[in-house]
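When a ligand or atom number is given, it counts from 1 through the structure's own listing order. Quick caveat, the model's predicted, so the values are computed rather than measured. Numbering starts at 1 and runs along the sequence shown.
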Amino acid sequence: MDLFTPIQLGYYTLPNRVIMAPLTRCRAGAGNVPTALNVNYYAQRASAGLIISEASQVSQQGMGYPATPGIHSSEQIAGWKLVTEAVHQQGGRIFLQLWHVGRSSHSSFQPGGALPVAPSAIAIDGELLTYEGMKPYETPRALERHEISGIVEQFRQGAENALEAGFDGVEIHGANGYLLDQFLRDGANKRTDDYGGSIENRARLHLEVTEAVVGVWGNNRVGIRLSPSSTFNSMSDSNPEATFGYVVEQLNHFDLAYLHLLEPSESDLRHGGQAVPTAYFRPIYQGNLMANWDYDQAKANAAIASGNADLISFGKAFIANPDLPERFKLNAPLNPPNPDTFYGGGEQGYTDYPTLKELQLA
Ligand SMILES: Cc1cc2nc3c(=O)[nH]c(=O)nc-3n(C[C@H](O)[C@H](O)[C@H](O)COP(=O)(O)O)c2cc1C
């Protein structure tokens, strides 16, 4: 078994296991609506076994970066519809990543200039990019107990909107220090109600959101992403093996299309993160495991052959190589990604990376 062994992923049979990781590119148009440029970018990458879209906020409150697409207005749904149609025309499949950033936002993005919301009033260290340049993170407002059902409803509505936009499924963004992850880990969650304290309480929002999203899509068109070792966005947990072990074990009950896990990175370990690799979860999780972080083709094939992962997602390699599966198949060299054009801008560094065929014709 390797990256080119077809796999049943929930409802879908994927022709390969080379998955496009979710990648924020900050190139949505006015009103956070996907544009023709975004349509072209995703259509170029349709040979992925599955595309997972860039994170897309389920509400204005859930937004935290300039020019990220939303999935909460009729214009955004219409914009995404053009993306999903183009990917389908090219024979691909695309899931939308459902996102609420929580405290990783700024009042200038928030409705009425309000403070960002979070489980507890604890700020992220450092600065974030706003429309007016870099600004320090603000101390967020702790959500009231009675507001939490509204957060679940935002995800449920986002899932319904993704269905209307013609996606093939959705991935719940439970990773990288955004709202669901903030509830899960005790470095960011100091609540004393039934959404804080014990692991069961901290995991409650994740599981309620999963239930709501599965209620819209059915279990076999839903995935979820977790980052057990990540310290990004000032995240920490006193016992990540126990915290994430519990959530992953609970997720078994949903029989989702897949569980998407970020491996520990060198930066996480430098920042005091405790390494909890995907292999730790293999005996706990009964479904498809998708692994991510710094994989190349050889490492990906080894992970699949050993049974530690079923699929591998690729981020930066897909930014720079629209035809990544074909390049892997032919053992062809890869275009290097340019980090200067990751976030924002136009087609440069976005839709102008050449395919092998284009290089051969040049
Ligand atoms: C430009 C950029 C944007 C990203 N945006 C997202 C995102 O929207 N959602 C998410 O879950 N992860 C996001 N990530 C993380 C990637 O999905 C992936 O975990 C990371 O790039 C490591 O994989 P790689 O080593 O194959 O690049 C982003 C990473 C990069 C470089």
Side-chain angles (χ1 to χ4, degrees), residues 3 17-28 32 34 38 41-42 45 48-58 62-71 80 94-102 104-105 128-129 158 170-182 184 206 223-233 235 258-268 273 277-278 290-300 303 309 311-321 324-325 327-328 334-345 348-350 353:
L3 283 170
R17 301 168 185 225
V18 185
I19 309 303
M20 180 170 162
L23 293 159
T24 291
R25 306 301 308 276
C26 299
R27 284 169 169 88
N32 304 92
N38 308 140
Y41 164 77
Y42 282 110
R45 288 158 178 78
L50 174 70
I51 295 173
I52 303 163
S53 84
E54 64 207 274
S56 305
Q57 57 268 5
V58 292
M63 174 175 169
Y65 296 82
T68 54
I71 188 71
W80 275 122
I94 179 166
F95 278 28
L96 178 97
Q97 193 183 44
L98 294 166
W99 196 25
H100 191 307
V101 300
S104 182
S105 183
L128 81 165
L129 180 64
V170 289
E171 177 176 284
I172 299 165
H173 197 341
N176 293 351
Y178 298 113
L179 186 64
L180 298 182
D181 201 21
Q182 291 159 26
L184 189 56
H206 256 92
I224 188 165
R225 191 171 217 216
L226 302 174
S227 52
S229 317
S230 176
T231 55
F232 180 60
N233 277 329
M235 292 304 289
Y258 65 90
L259 169 63
H260 193 176
L261 292 172
L262 276 82
E263 302 280 8
S265 73
E266 277 169 30
S267 156
D268 296 331
T278 300
M290 185 185 294
N292 171 262
W293 202 273
D294 224 9
Y295 276 89
D296 59 19
Q297 186 178 2
K299 212 172 121 188
L311 312 101
I312 306 295
S313 72
F314 298 88
K316 294 178 286 297
F318 250 118
I319 287 179
N321 298 276
L324 187 63
R327 292 197 189 225
F328 281 163
L334 303 183
N335 300 323
N338 176 6
D340 295 342
T341 50
F342 279 179
Y343 302 104
Q348 198 204 341
Y350 189 55
Y353 285 105

> Tell me, do Asn176 and Arg225 make a side-chain contact under 4.5 Å, heavy atoms counted?
Replying inline: yes
>> Once you measure the plane-to-plane angle for Trp99 and Tyr65, does it fall in the parallel (<30°), tilted (30-60°) or perpendicular (>60°) bin?
In response: parallel
> Do Phe342 and ligand 1 have an N or O pair less than 3.5 Å apart?
Replying inline: no
> Do Thr68 and Gln57 get their side chains close enough for a donor-acceptor pair, meaning under 3.5 Å?
Replying inline: yes
> Counting each atom of ligand 1 from 1 as listed, which ones have a heavy atom of Ala55 under 4.0 Å away?
Replying inline: 8 (O)
>> Contact between Tyr258 and Ile52 at the side-chain level, heavy atoms closer than 4.5 Å - yes or no?
In response: yes
> Should the proximity of Arg225 to ligand 1, defined as any heavy atom under 4.0 Å, be assigned to the side chain, the backbone, both, or neither?
Replying inline: side chain
> OG1/Thr24 to CZ/Phe342 distance, rounded to the nearest 0.5 angstrom?
Replying inline: 12.0 Å
>> Test of understanding: given a 4.0 Å heavy-atom threshold, classify the contact between Trp293 and ligand 1 as side chain, backbone, both, or neither.
In response: both
>> Please list, in number order, the atoms of ligand 1 under 4.0 Å from a heavy atom of Phe314.
In response: 26 (O)
> Once you round to the nearest 0.5 Å, how far does CG of Leu50 lie from CZ of Arg17?
Replying inline: 13.5 Å
> Heavy-atom contacts under 4.0 Å between Asn292 and ligand 1: side chain, backbone, both, or neither?
Replying inline: side chain
> Tyr343 near ligand 1, heavy-atom distance under 4.0 Å?
Replying inline: yes
> Which option, Thr24, Ile312, Leu23, owns the non-hydrogen atom nearest atom 8 (O) of ligand 1?
Replying inline: Thr24
